[in-house]
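One structure below.
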Amino acid sequence: MLTTRVDIGRGALEGNVVAAHVLAVNGFVGLLFVKLALVAVMAAAILLAIRYADDHPGRRASLVQGVVWRGLQLCVLVLFVTGLHNVLVLAALQGWNTPTLLTTLPLILH
């Protein structure tokens, strides 16, 4: 959220269509609310997976926990790449040189 706010304050545009819509309609407070709601939903999924495993130990419980944990890891990876991209956007807006690999990374992942 911080890198998004700084970048937009310096003239960048939000690349995520959903986030851009939330920003346009509700501003940063609305986007913060959406992000916090997503964190709460993921926390609830983790707690439900743990509770399910406690109540029903076995193969299914292991599968449920694996899916939830891999989902959480994927979310963290996506947020890391997004934050890195936002820092690179800020560097470009400031006129700083950035490593070629890092500036092409968003194009490769897109």
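Computed from a predicted model, the values in this text were never measured in an experiment. All values below were derived from every heavy atom in this structure, side-chain atoms included, with hydrogens, water molecules and symmetry-related copies excluded.
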Least distance between heavy atoms, Ala12 atom then Val89 atom: CB-CG1, 3.8 Å

Heavy-atom pair of closest approach, residues Thr4 and Glu14: CG2-OE1, 3.4 Å

Hphob cluster co-occupancy, Val81 + Leu74, side-chain heavy atoms under 4.5 angstrom: no

Residue pairs, two or more places apart or on separate chains, that pass side chain to side chain donor-acceptor pair (under 3.5 Å) and touch residues 56-70: Arg70-Gln73

Nearest atoms (heavy-atom pairs only) where Val68 meets Ala49: CG2-CB, 3.9 Å

Residues which pass side-chain hydrogen bond (donor to acceptor under 3.5 Å, both in side chains) with Asp7, listed by chain and number, not counting sequence neighbours: none

Minimum-distance pair of heavy atoms, taken over all atoms of Ala61 and Ala53: CB-CA, 3.5 Å

Side chain to side chain contact (heavy atoms under 4.5 Å, CB included) between Leu90 and Val6, intermediate numbers included: CA-CA 8 Å; Leu90 177 60; Val6 169; 3.8 Å; yes

CG-CG distance between Asn86 and Leu79, expressed to the nearest 0.5 angstrom: 10.5 Å

Student check: side-chain heavy atoms of Ile50 and Asp54 closer than 4.5 Å: yes

Ile46 and Leu72, any side-chain heavy atoms less than 4.5 Å apart: yes

ILVMFWY cluster membership beyond Val34 - transitive side-chain contacts under 4.5 angstrom: Met1, Ile8, Val22, Leu23, Phe28, Leu31, Leu32, Leu36, Leu38

